[in-house]
Every structure is written in structure tokens, then in C-alpha cells.
Amino acid sequence: MKASTLALALGLAGLTQLSAATVITESFSTAGPGSTVPVDWYATHSAGTEIVSLAGTNYLRILRNSPAGGSSAVYYTGSQGEVSNGWFSDFDASVILRMGGNTPQNQTLRGFVFRTQTMDREASGSAEFWGYSAGFIGYGEDRGLYLHLNPTGVSSSTYGTQLAFIAFDQDLVVNTQYSLRISAEGKEIAVSLWTLDGSTEIASISYSDAVETGGYFGLRSANINSVSNTSFRDLVIEVHAIPEPAGLGLTAVGALSLFAVCRRYRKGAKQAA
């Protein structure tokens, strides 16, 4: 068998034509201070969301939305690559966040919401909300990294079903930036919190029995008092690529071609013997 023929057959057999991964990035610096959210983003409480400049860098800040307290979430709603209207399932994401205000901040839980079926965290009777929440409490006896299912409110009793947790050794520092990371792949979810430079992992948790479904992705902060707020910047979401039907077809053709070439080669070898 000619080397070129074998190489072609092997190349066809190994061809899987994956669609390019969709990478969504948002620095939150394109909208000017005083505005709410950039294009392709939706704030559940616009009065509790704003673009601010801190030490010369723009952030998306989520804070309490009314004198009675409450919470805000900001969701991606755009269409890019294989993502349509903000809906996707498996991904890797990271964001830089900065805790504002003074201690104590009670049970303020801040971080991500994902695979959510609606963008309203506090739908009537919570009947319309379904999804996951991953984030951390930075202070007090409940400080630590959390993963919840179906958060419905802003107090510790309504954060939802706790799926994973690890405590912090000490309180986190106000007005300090951290890197929060998450990976969702099928039933596997992993969350970790790092120092800003990525040199030190503060804590990590994982869960291996998640519901495999698409949904919205957002940033959120549950705010219980007036000093609670969270500022986000430099979000990166890499949505996992999936095989395209054409790629799968080419793979099958390639495998059949390799089988046919190898069969002819064995037949020729036997005749020569």
C-alpha cells in the first residue's frame, strides 16, 4: 500500500470536524459609568446594577436594589457561535470579582448562576425558577465556597438545596479582587476560588450528579444590607464545542475507507505469499 494512500485513509478515519469553541468575553468596560449593563446582558433589577469605575477600572457592580433589601442577577442573553439567546449547558468560565462595603455583610452570597430555566430568580412562589448557584460567603461562621440547587431568596434559609460546601480558613478581605472559576461538563460541576494572580487556590468544591440541561448563565449577589455589593470584570466563558453532524458523517466515511484499504492490503499480502 502506498504511504500516501495510508496517510489519507488514516486522516479520514481521524477526522471529527468539531465546531470551534464559542468563547464569550465581557470586560464590562464598554458601557460608561452610570449605565446599567452592556448589550446582550439583562439585569433582573436595573436599580441594583450599575457600571462603576474603581481605581481606574470599570466593573459591573451588583448591589441591593431597594431599601427593603433584595438581590440582583445579570444574565447573558446574546447569540454567538453555537449559543442562541444566552442558552447553553457545558462550559468553563472565570471572572474577577471585588467585594465592596464594610464588614459585617451578613450572609451575602455572590458568584454565578447557570443552567437556569428563567432569568427571574424570585419568580412568583419560586415555581418558575430552576437552576444552579455557585459562589461564596466571605465572612463569619458561614464563610466558604458553595454550590446550591434552586436558590429562591436572599437569606441563608432560601439559598436552595446545598450540594457542596467547603469552609474558608479565614475571612476574605474587603475591596480585594479574587478569581472565581467554574466548569460544568455533563453531570460534573467544579468550582474554585483563587487569588487574583492565580498563584494560590483558596478553596475548591465539586459535584458529580448534576442535571444535564441547557439554561442561562449569570452573575449574581444576594444582598441583605446596605454595605453588601459585588463588582465583576473580565468574564470569560468558553462554551464546550460539540461534534457537527457533517463531522460525524466524515468520520464514518473515513473509518470505512480505512477498513477497505486495509482489507485490500491484507488480500494483496496473502497473494504475494
Side-chain angles (χ1 to χ4, degrees), residues 23-78 80 86 91-114 119 121 133-139 143 145 154 171-182 191-200 202 216-238:
V23 179
I24 300 165
T25 61
E26 181 55 66
S27 66
F28 296 111
S29 64
T30 55
S35 59
T36 53
V37 294
V39 175
D40 293 334
W41 290 83
Y42 167 77
T44 58
H45 297 293
S46 59
T49 308
E50 61 185 354
I51 301 295
V52 297
S53 181
L54 302 171
T57 300
N58 277 18
Y59 294 77
L60 171 77
R61 182 161 66 185
I62 302 176
L63 64 163
R64 70 184 290 171
N65 63 287
S66 72
S71 65
S72 299
V74 177
Y75 288 92
Y76 178 70
T77 59
Q80 181 177 332
F91 62 92
D92 295 301
S94 65
V95 71
I96 294 173
L97 54 78
R98 179 181 187 273
M99 300 182 299
N102 302 307
T103 56
Q105 294 198 35
N106 296 341
Q107 303 298 314
T108 300
L109 181 63
R110 58 201 94 210
F112 303 117
V113 278
F114 57 101
M119 290 183 285
R121 283 192 58 253
S133 168
F136 65 87
I137 294 174
Y139 311 94
R143 67 191 181 211
L145 195 60
V154 299
D171 289 346
L172 299 184
V173 182
V174 172
N175 294 330
T176 297
Q177 299 176 89
Y178 296 92
S179 175
L180 183 62
R181 307 174 186 178
I182 185 171
V191 187
S192 58
L193 183 68
W194 297 73
T195 55
L196 179 61
D197 62 6
S199 63
T200 303
I202 298 170
Y216 296 106
F217 176 94
L219 305 170
R220 55 93 68 162
S221 182
N223 308 296
I224 299 176
N225 59 35
S226 60
V227 298
S228 298
N229 64 75
T230 310
S231 301
F232 298 90
R233 68 177 177 90
D234 295 344
L235 173 69
V236 178
I237 310 169
E238 182 173 340

Is the side chain of [X] donor-acceptor paired with the backbone N or O of [Y] at a distance under 3.5 Å, no angle test?
X	Y	result
R110	L219	no
T44	A73	yes
T195	T200	yes
T77	D40	yes

Would you give the length of the straight line joining atom [atom1] of [X] to atom [atom2] of [Y], rounded to the nearest 0.5 angstrom?
X	Y	atom1	atom2	result
Y178	L172	OH	CG	4.5 Å
L145	F136	CG	CZ	8.5 Å
N175	R98	CG	CZ	4.0 Å

Could you tell me which residues satisfy side chain to side chain contact (heavy atoms under 4.5 Å, CB included) with L196, sequence neighbours excluded, listed by chain and number?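 So L196 forms a side chain to side chain contact (heavy atoms under 4.5 Å, CB included) with I96, Q177, R233.
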
Kindly give the heavy-atom pair with the smallest separation between S133 and L109, and that separation in Å.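 What the structure gives for the nearest pair is OG-CD2, 4.3 Å.
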
Minimum heavy-atom distance L180-S192, with the two atoms named: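 Smallest heavy-atom distance, with atoms named: CD1-O, 3.5 Å.
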
Which of parallel (below 30°), tilted (30 to 60°) and perpendicular (above 60°) describes F217 and F112?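 Tilted: the ring planes of F217 and F112 meet at 30° to 60°.
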
D92: side-chain hydrogen bond (donor to acceptor under 3.5 Å, both in side chains) partners, not counting sequence neighbours: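 Expected list: S183, H240.
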
State which residues pass salt bridge (charged side-chain N to carboxylate O under 4.0 Å, His left out) with R61; sequence neighbours excluded, sorted by chain then number.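 By the salt bridge (charged side-chain N to carboxylate O under 4.0 Å, His left out) rule, R61 matches E50.
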
Looking at side-chain heavy atoms only, is the closest gap between [X] and [Y] below 4.5 Å?
X	Y	result
Y75	V113	yes
F114	F91	yes
N229	I62	no

Taking side chain to side chain contact (heavy atoms under 4.5 Å, CB included) as the criterion, tell me which of W41, F232, Y76 meets it with E26.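 Between E26 and the candidates, side chain to side chain contact (heavy atoms under 4.5 Å, CB included) is satisfied uniquely by W41.
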
